[in-house]
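In this chain, residues are counted from 1 in sequence order.
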Amino acid sequence: MFRMVRRGTYKPKHTTGTSSYLTKDNTRIQIILFLKSNKVANQNKIKHEAKGLSTQQWTPMKNILDEMCEWNWVEKRASEESQNVTVYSLTNTGQTVADQFIEVRDKFDEFFKLDSFQGFKQG
């Protein structure tokens, strides 16, 4: 029996614009880098302003944020400015993770030959 094997970058058939497939880890890294530069943000702001996350679906992204809260990378709390809005910020551990990733990004170009991290070098 002959089987087709997909080669190259995965792009969903329903893509809008130039969006590409992001793994959970890519999403986590994008959230960390976004919160590092923005300090505090709600899920809507993260989804629409963080590079590459606009195509993320709400529920999977919320699950990723909740998982990062369980890992103590991100803190979730009620907004002081708006009722019924949850905001996210980096914990000390999350700040350390962000700093380490930025250090790797800035020092080791070879790391970014991996498909998993395409697009992060510009950040």
Completion exercise
Between Ile102 and Leu33, the two heavy atoms sitting closest are CG1-CD2, 3.7 Å
Handout entry: Rounded distance [0.5 Å steps], CD1 in Ile29 versus NZ in Lys36
Key = 15.0 Å
Practice task
Give the minimum heavy-atom separation between Ile32 and Gly94, together with the two atoms involved.
Solution key: CG2-O, 4.2 Å
Problem - More than 12 heavy atoms from other groups under 6.0 Å of CG on Asn92 - result: no
Fill in the blank from the handout: In short, ring-ring contact (aromatic ring centres under 6.0 Å, His included) pairs touching residues 34-61 with sequence neighbours left out are none
Practice task
List the steps and the verdict of side chain to side chain contact (heavy atoms under 4.5 Å, CB included) for Asn44 and Val85.
Solution key: CA-CA 10 Å; Asn44 187 54; Val85 175; over 6 Å; no
Practice task
Could you go through the side chain to side chain contact (heavy atoms under 4.5 Å, CB included) check for Val74 and Leu90 one step at a time?
Solution key: CA-CA 4 Å; Val74 173; Leu90 291 178; 4.2 Å; yes
Completion exercise
CE of Met68 to OG1 of Thr93, rounded to nearest 0.5 Å, is 11.5 Å
Problem - Pairs flagged by side chain to side chain donor-acceptor pair (under 3.5 Å) wherever residues 71-84 is involved - sequence neighbours left out - result: Asp66-Lys76, Glu75-Ser89
Handout entry: Qualifying residue, where the test is side-chain contact (heavy atoms from CB on, under 4.5 Å) with Ile46 and the options are Thr27, Val87, Leu35
Key = Leu35
Handout entry: CG-NZ distance between Leu65 and Lys47, expressed to the nearest 0.5 angstrom
Key = 12.0 Å
Exercise for the section: To the nearest 0.5 angstrom, please state how far the NZ atom of Lys62 sits from the OG1 atom of Thr86. Expected result: 7.0 Å
